[in-house]
Amino acid sequence: PVQVALQVALPEIDGAIEPLIYAGRDGQSGRSIPMQDRIDALATRALNWARLRKKENKDKKVCICLFQFPPDKGNVGTAAYLDV
């Protein structure tokens, strides 16, 4: 619904990468409820990005993914539907 558009889709259009939901809302009180596994994943991701920044370029690995989805739509090599 609207929450998905505002919190996931629009940030990706604006260039946000790798969105991660780390809390939800209580339906009655509206209180934010943290999701510990997502918080742990967010912390791990931040540490990994920091480690990657300090690595020598020769030690980094690069992947090039040529993407085409949905098939036969003329979007070969685009980022359609990718988390980029």
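For the single chain, residues carry numbers from 1 onward in sequence order.
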Looking only at heavy atoms, the pair that brings A23 and S32 closest together is CB-OG, 3.5 Å
For E56, check side-chain hydrogen bond (donor to acceptor under 3.5 Å, both in side chains) against everything at least two apart and list the hits. none
Ignoring hydrogens and geometry beyond distance, is a side-chain donor-acceptor pair present between R51 and N48 at under 3.5 Å? yes
Looking at R25 and R31, would you say the former's side chain and the latter's main chain have a donor-acceptor pair under 3.5 Å? no
When every non-hydrogen atom of K55 is compared with those of K60, the smallest separation belongs to O-CE, 3.3 Å
Determine the minimum heavy-atom distance between Y22 and I39, stating which atoms define it. O-CG1, 4.0 Å
Going from CG on L52 to CG on L47, what distance comes out if it is rounded to the nearest 0.5 angstrom? 12.5 Å
Results of side-chain hydrogen bond (donor to acceptor under 3.5 Å, both in side chains) for D37 - residues two or more places apart only: none
Under the side-chain hydrogen bond (donor to acceptor under 3.5 Å, both in side chains) test, residues paired with R53 that sit two or more places apart: none
